There are 2 protein chains.
Amino acid sequence: MRAGITKERLARAGAELADEVGFDRVTITEVARRFDVKVASLYSHVTGSDDLRTRIALLALEELADRGDSALAGRSGKDALTAMADVYRDYAREHPGRYAAAQLRLDTETALASAGPRHAAMSRAVLRGYDLTEPDQTHAVRLLGSVFRGFVDLELGGAFSHSEPDSETSWRRSLDALDALLRSWPTPERPRP
Amino acid sequence: MRAGITKERLARAGAELADEVGFDRVTITEVARRFDVKVASLYSHVTGSDDLRTRIALLALEELADRGDSALAGRSGKDALTAMADVYRDYAREHPGRYAAAQLRLDTETALASAGPRHAAMSRAVLRGYDLTEPDQTHAVRLLGSVFRGFVDLELGGAFSHSEPDSETSWRRSLDALDALLRSWPTPERPRP
DNA sequence: CCGGCTTGCCTAAGCACATTAGGTAGACGC
DNA sequence: GCGTCTACCTAATGTGCTTAGGCAAGCCGG
């Protein structure tokens with residue numbers, strides 16, 4: 001009676017566990033328990049707990065990129081901006097463990113083979129709705145990424161939950177502000193009128 | 001021959017360890033080794049490894065707030081904005097482990113007794129140089145915090161290190177952009193001309 | 001249908017860290 | 001100098017990670 005374990009099923013189970021108890025508390029032992037299998041058996045499928053965590057991260061990055069692709073389809077400008085922003089925020093709220101996993105630091109090779117580059121491409125797609133050329137586009141990609149990442153982290157960490165106004169409003173207003181900023185992106189030498 | 005251990009010395013040693021090996025690899029066992037003391041002995045000073053991690057986080061939050069206070073003294077407007085932003089970024093680069101510790105999720109009571117509120121006050125001090133009233137000021141505080149936090153995390157995570165232009169330039173340009181944004185903060189109903 | 005081979009899952013064992021219970025001796029108050 | 005407190009100890013337990021080596025389930029060729 002073999003359990004039919006695969007790397008993919010391990011990653012999925014790990015992702016579910018992460019959402020339940022937090023990514024940093026994902027243990028290979030608990031995953032084994034959920035498959036009703038001894039811990040050592042998992043070592044035929046993953047090389048160790050680092051490998052498992054990496055696979056969860058890759059899974060999360062893919063899921064996020066897939067959601068992003070759907071959300072961006074047929075949208076542009078501010079519509080696209082908020083759609084992509086909400087993809088990250090909603091995913092983090094639905095799947096905090098996977099979202100945390102998506103932030104795992106990957107080595108260069110793994111990162112390049114991951115869905116990471118798809119995320120960068122998504123940002124650039126959003127920015128096509130604005131009038132930016134290189135290198136400003138890259139700066140804007142990074143700023144956008146920073147806001148999304150930072151806001152979601154802080155909100156999830158409860159940083160905004162102990163004071164008015166509610167974080168939902170701050171999120172909408174921040175996106176308004178970003179949209180305005182991108183429409184009149186300042187150049188250092190000759191600021192726009 | 002007593003080692004003269006105190007909670008404060010433990011937190012400092014833990015912080016140094018965090019900077020060397022990463023906050024998530026801080027172990028109470030290694031701290032004990034560094035004091036040349038048995039692990040169990042530390043339990044007279046901290047209640048457990050969670051307690052130790054929390055104390056490291058509190059230490060980092062204080063150090064950051066202290067740096068912020070100095071940096072902000074006598075500055076206003078964009079000068080204050082960049083000074084505060086650089087405090088976070090420089091601290092994270094000098095002390096990655098402590099910076100990671102500063103992001104540890106604290107329970108409400110601990111958070112309120114920490115230097116956390118000083119950070120919020122610092123943001124508001126920076127914003128005094130701009131023409132914002134509540135609730136926009138709070139939205140701006142959150143947006144600023146999101147950018148700082150997000151950019152620093154991404155940069156430290158290597159997200160910007162595999163492509164041109166260098167992240168230093170993006171940082172400066174992002175601060176320029178934030179400054180411009182704060183000077184003409186958009187209101188949702190009646191956007192400024 | 002059966003013997004062999006692959007391999008998925010097993011037992012066993014070793015190591016690191018966290019934590020608790022209970023002992024001993026150093027430092028300080030009197 | 002005597003007693004007390006407490007800083008530090010030894011011992012033991014539990015959890016998780018990892019490797020080495022065994023067994024048998026299930027596919028494959030005959």
Side-chain angles (χ1 to χ4, degrees), chain A residues 1-60 96-98 100-101 104-107 110, chain B residues 1-60 96-98 100-101 104-107 110:
Chain A
M1 51 163 122
R2 308 200 169 183
I5 295 172
T6 66
K7 308 175 204 305
E8 292 72 25
R9 291 189 59 203
L10 283 182
R12 252 196 309 275
E16 278 159 30
L17 178 56
D19 285 336
E20 290 168 30
V21 303
F23 183 59
D24 46 337
R25 298 218 179 126
V26 168
T27 123
I28 210 174
T29 302
E30 176 61 26
V31 173
R33 263 196 288 270
R34 297 194 170 198
F35 279 104
D36 202 28
V37 141
K38 298 297 172 182
V39 202
S41 307
L42 298 191
Y43 284 79
S44 334
H45 304 284
V46 292
T47 72
S49 65
D50 282 353
D51 187 27
L52 174 63
R53 268 186 286 274
T54 301
R55 286 177 193 283
I56 298 171
L58 295 176
L59 172 70
R98 293 172 204 225
L104 184 69
R105 192 168 180 168
L106 304 172
D107 59 83
T110 311
Chain B
M1 52 162 121
R2 308 201 168 179
I5 297 170
T6 66
K7 307 175 205 307
E8 291 73 25
R9 292 189 60 204
L10 283 182
R12 253 198 305 278
E16 280 160 29
L17 178 57
D19 285 337
E20 291 168 30
V21 305
F23 183 60
D24 47 336
R25 297 216 179 128
V26 168
T27 117
I28 211 173
T29 301
E30 176 61 25
V31 172
R33 263 196 288 272
R34 297 194 171 200
F35 280 105
D36 202 30
V37 139
K38 299 297 174 184
V39 203
S41 308
L42 298 191
Y43 284 80
S44 334
H45 303 283
V46 292
T47 71
S49 65
D50 281 353
D51 186 26
L52 175 64
R53 267 187 286 273
T54 301
R55 285 174 194 282
I56 299 172
L58 294 176
L59 173 71
R98 294 172 204 224
L104 184 68
R105 191 168 181 171
L106 305 172
D107 59 83
T110 311

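Every chain is numbered from 1, with letters handed out A, B, ... down the list of sequences. Owing to the predicted nature of the structure, the values given are computational and were not obtained by experimental measurement.
- In terms of phosphate contacts, B:Ser44 brings no side-chain nitrogen or oxygen within less than 4.0 Å of OP1 or OP2 of D:dC8.
- Nearest heavy atoms, A:Ala101 versus A:Ile56: CB-CG2, 3.7 Å.
- The separation between A:Arg25 atom CZ and D:dG16 atom P is 12 Å, rounded to whole Å.
- Of the side-chain N and O atoms in A:His45, one or more sit less than 4.0 angstrom from OP1 or OP2 of C:dC9.
- In this structure, A:Arg33 reaches the sugar-phosphate backbone alone: every heavy-atom distance under 4.0 Å involves primed, P, OP1 or OP2 atoms, never a base.
- Atom P of nucleotide D:dT18 and atom NZ of A:Lys38 are separated by 18 Å, given to the nearest angstrom.
- Here the P atom of nucleotide D:dT19 and the CG atom of A:Asp51 are 12 Å apart, to the nearest Å.
- Partner of B:Leu42 under the side chain to side chain contact (heavy atoms under 4.5 Å, CB included) criterion, out of B:Thr29, B:Val37, B:Asp51: B:Val37 alone.
- In the displayed structure, B:Arg34 atom CZ is contacted under 6.0 Å by more than 12 heavy atoms of other residues, nucleotides or ligands.
- Rounded to whole Å, atom P of D:dC17 lies 14 Å from atom CG of B:Asp24.
- Going from atom CG of B:Leu59 over to atom CG of B:Leu10 covers 11.5 Å, rounded to the nearest 0.5 Å.
- The shortest distance between the side-chain N/O atoms of B:Thr29 and the OP1/OP2 oxygens of C:dA18 is below 4.0 Å.
- Within the structure, every side-chain polar atom (N or O) of B:Thr27 is placed at least 4.0 Å from both OP1 and OP2 of C:dA16.
- At the phosphate of C:dC17, neither OP1 nor OP2 sits under 4.0 Å from any side-chain N or O atom of B:Ser49.
- Out of C:dA18, C:dT20, C:dC9, the shortest distance to the side chain of B:Ala40 is found at C:dT20.
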- Might you work through the salt bridge (Lys or Arg N to Asp or Glu O under 4.0 Å) test for A:Arg12 and A:Glu16, ending with a clear yes or no? CA-CA 6 Å; A:Arg12 252 196 309 275; A:Glu16 278 159 30; 5.7 Å; no
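- Distance CD1 (B:Ile28) to P (C:dA18): 6 Å, rounded to an integer number of Å.
- Rounded to an integer number of Å, the gap from CZ of A:Phe35 to C1' of C:dC10 is 17 Å.
- Atom CG in B:Asp50 sits about 10 Å away from atom P in C:dA18, given to the nearest Å.
- For the pair A:Tyr43 OH and D:dG16 P, the interatomic distance rounds to 12 Å; values are reported in whole Å.
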